[in-house]
**Student:** 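Encoded as structure tokens, here's the structure I'll be asking about.
A quick note: this is a predicted structure, and the numbers were derived from the prediction, not measured. Along the sequence shown, residues are numbered consecutively beginning with 1. As a basis for the values below, the full set of heavy atoms in this structure was taken, side chains included, without hydrogen atoms, waters or symmetry mates.
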Amino acid sequence: MSIIEIKVPSPGESIKQVELYKWLVADGDVVKKNMEIAELESEKATLTLVADEAGKISLNAKEGDTLEVGSVACTIDTSVQPEASDEPKEEKQAPAPVAQEKEETKPEPDEKEAPKEETESQPDELDNVKVTPLAKRVMDENDLSLEDVLNGLRRLKRSDVEAVLAASGVSAAGGLKKPISRESKTDRMSSLRRKLSERLVSVKNETAMLTTFNEVNMKPIMDLRKKHQEKFVEKHGIKLGMMSFFLKACATALQEFPNVNSMMEGENTTTYDYADISVAVSTPKGLMVPVIRNVESLGLAEIEKALAEVADKARKGKLSIPEMTGGTFTVTNGGVFGSMMSTPIINPPQSAILGMHNILDRAVVIDGEIVVRPMMYVALSYDHRVIDGRESVGFLVRVKQLLENPTDMLFGKSSGEKELLEL
């Protein structure tokens, strides 16, 4: 019998404790080598505990416990090994002969057979069914699963869910027709959320934070994306989004207004020649702010790829401490949630943050005429101890100019659309 210990890894030099957020296995389970067995949370990031060897696991801590770095979270008995099984493959291969027999019996395809095949494959294809947000909300409110409402459908709409509820005598109208409930639930805040709360309060109390607003006509960028999206994807293998334009515009403006790209350290101020821009990403566990390095030296395709990589890591809880530290400026996009205007909070120790918002068609005056344009409000929150009003307003106006003239203003008068998109 050989017992090995799985110890808590160190997320970073300054972190001595972590919180056991969630066990991914149960006590007594037989795990495989390199299998993820637990999620740990520190003040700055989430990390995963991995099984060094295969065997039977014995848990030494409970979810919510605070563990010292280097302490033993669990042990693995390597004398017990997982059994290999080919049953899943046999199950998938079994229906094949049956399908062949049906085809031999009826060589000519019949439209009436389609619903049968779709119904038979339904349990294996639930992950491919498209569910609209309204349908998902109604299902959640009434504790319904896909199996409860699915009937050979590939796309589930709200009306489909309501039809099932109507047949069972339940109303999805909500409001006063919902059952009366007085229940409540209290959960302990995670280590990450507690640290985030402390930082937000300290920013409000320790900085002279002000916010200036402007609006941007997004039509030039939207037209550019629509015109070149197909070629951009074909060449670079990734879609051209809005965020890359904003990051590039901010990086250019930061070079022209260096105080916006600076930090206050005691009685000193440090100004940076490079633009390491933090990007706020919403995840199930809270707000993560990974950093895109040297944005001033990246093209739009490189920015899009970097954004996709860090966003994926953030949502999976795979971001490391170095990937979230060292940013000189932050961009956050509340528009994806429908926000029309807000005052973003500075990400310390930085001195400024740009807030993006929803794009709405509005009537604006251009060249003396009232026209409809897709407009976005943008907000710059800044620390007035470091940045003067003139600099903050000038920075935001410059960002507006760059976004409304993405080819000429951002990359020089001689550059065109193809040079901008590296096509």
Side-chain angles (χ1 to χ4, degrees), residues 9 11-12 15 18-25 34-50 63-64 126-133 135-137 139-140 146 187-197 199-200 233 236-247 276-293 295 298 300-327 329-339 342 344-345 347 353-358:
I15 299 175
V18 298
E19 183 178 296
L20 180 54
Y21 177 75
K22 183 181 181 181
W23 281 112
L24 303 178
V25 295
N34 296 327
M35 179 179 176
E36 295 182 351
I37 56 178
E39 291 181 358
L40 307 175
E41 275 196 351
S42 70
E43 297 176 350
K44 299 179 180 179
T46 300
L47 59 154
T48 305
L49 200 61
V50 177
E63 292 182 357
L126 290 179
D127 291 340
N128 297 326
V129 176
K130 295 181 180 179
V131 183
T132 65
K136 182 68 169 63
R137 187 182 70 181
M139 289 169 64
D140 292 342
L146 277 177
D187 293 322
R188 187 170 182 265
M189 292 174 67
S190 67
S191 176
L192 191 64
R193 174 60 65 178
R194 292 197 302 271
K195 187 62 178 179
L196 177 62
S197 302
R199 286 164 64 88
L200 293 177
V233 173
H236 300 294
I238 193 168
K239 284 188 175 181
L240 177 62
M242 295 285 187
M243 186 65 80
S244 57
F245 286 95
F246 275 83
L247 263 63
D276 285 355
I277 300 182
S278 307
V279 181
V281 179
S282 178
T283 73
K285 296 178 183 177
L287 192 67
M288 301 288 184
V289 195
V291 181
I292 310 296
R293 312 284 177 185
V295 178
L298 301 179
L300 296 183
E302 293 172 306
I303 296 173
E304 288 291 349
K305 290 175 182 178
L307 283 169
E309 181 181 354
V310 296
D312 183 62
K313 282 186 176 182
R315 295 188 181 98
K316 291 180 179 178
K318 304 292 185 182
L319 283 173
S320 64
I321 297 296
E323 289 175 310
M324 291 192 292
T325 55
F329 182 81
T330 296
V331 175
T332 179
N333 185 9
V336 294
F337 306 109
S339 171
S342 66
I345 297 180
N347 179 23
I353 178 173
L354 180 80
M356 300 165 56
H357 298 92
N358 199 10

**Student:** Can you sort out the partners of Lys318 under salt bridge (charged side-chain N to carboxylate O under 4.0 Å, His left out), two or more places apart, ordered by chain and number?
**Tutor:** Glu36

**Student:** Using the test side-chain hydrogen bond (donor to acceptor under 3.5 Å, both in side chains), find all partners of Glu323 that sit at least two apart in sequence or belong to another chain.
**Tutor:** Lys313, Ser320

**Student:** List the residues meeting side-chain hydrogen bond (donor to acceptor under 3.5 Å, both in side chains) with Lys239, not counting sequence neighbours, and say none if there are none.
**Tutor:** none

**Student:** Among all residues two or more places apart in sequence or in another chain, which pass the side-chain hydrogen bond (donor to acceptor under 3.5 Å, both in side chains) test with Asn333?
**Tutor:** none

**Student:** When you compare the side chain of Leu354 with that of Pro344, does any pair of heavy atoms fall below 4.5 Å?
**Tutor:** no

**Student:** Listed by chain and number, what are the ring pair (Phe, Tyr, Trp, His ring centres under 6.0 Å) partners of Phe329, not counting sequence neighbours?
**Tutor:** Phe395

**Student:** Can you list the residues that meet the side-chain contact (heavy atoms from CB on, under 4.5 Å) rule with Asp276, with sequence neighbours excluded?
**Tutor:** Tyr274, Val291, Arg293, Asn294, Thr328

**Student:** Just to verify, what does Glu63 make a salt bridge (charged side-chain N to carboxylate O under 4.0 Å, His left out) with, not counting sequence neighbours?
**Tutor:** none

**Student:** Can you list the steps and then say if Leu240 with Phe245 is a side-chain contact (heavy atoms from CB on, under 4.5 Å)?
**Tutor:** CA-CA 9 Å; Leu240 177 62; Phe245 286 95; 3.8 Å; yes

**Student:** In chain order, what residues pass the side-chain contact (heavy atoms from CB on, under 4.5 Å) check against Ala306, with sequence neighbours excluded?
**Tutor:** Ile292

**Student:** List in chain and number order the residues that pass salt bridge (charged side-chain N to carboxylate O under 4.0 Å, His left out) with Glu304, two or more places apart in sequence or in another chain; answer none if no residue qualifies.
**Tutor:** none

**Student:** With sequence neighbours left out, what residues match Ser342 under side-chain hydrogen bond (donor to acceptor under 3.5 Å, both in side chains)?
**Tutor:** His357

**Student:** Please lay out, stage by stage, how Val289 and Val279 fare under the test side-chain contact (heavy atoms from CB on, under 4.5 Å).
**Tutor:** CA-CA 5 Å; Val289 195; Val279 181; 6.0 Å; no

**Student:** Just jot down the side-chain contact (heavy atoms from CB on, under 4.5 Å) partners of Ala314, sequence neighbours excluded, or say none.
**Tutor:** Val281, Thr283, Met288, Leu319

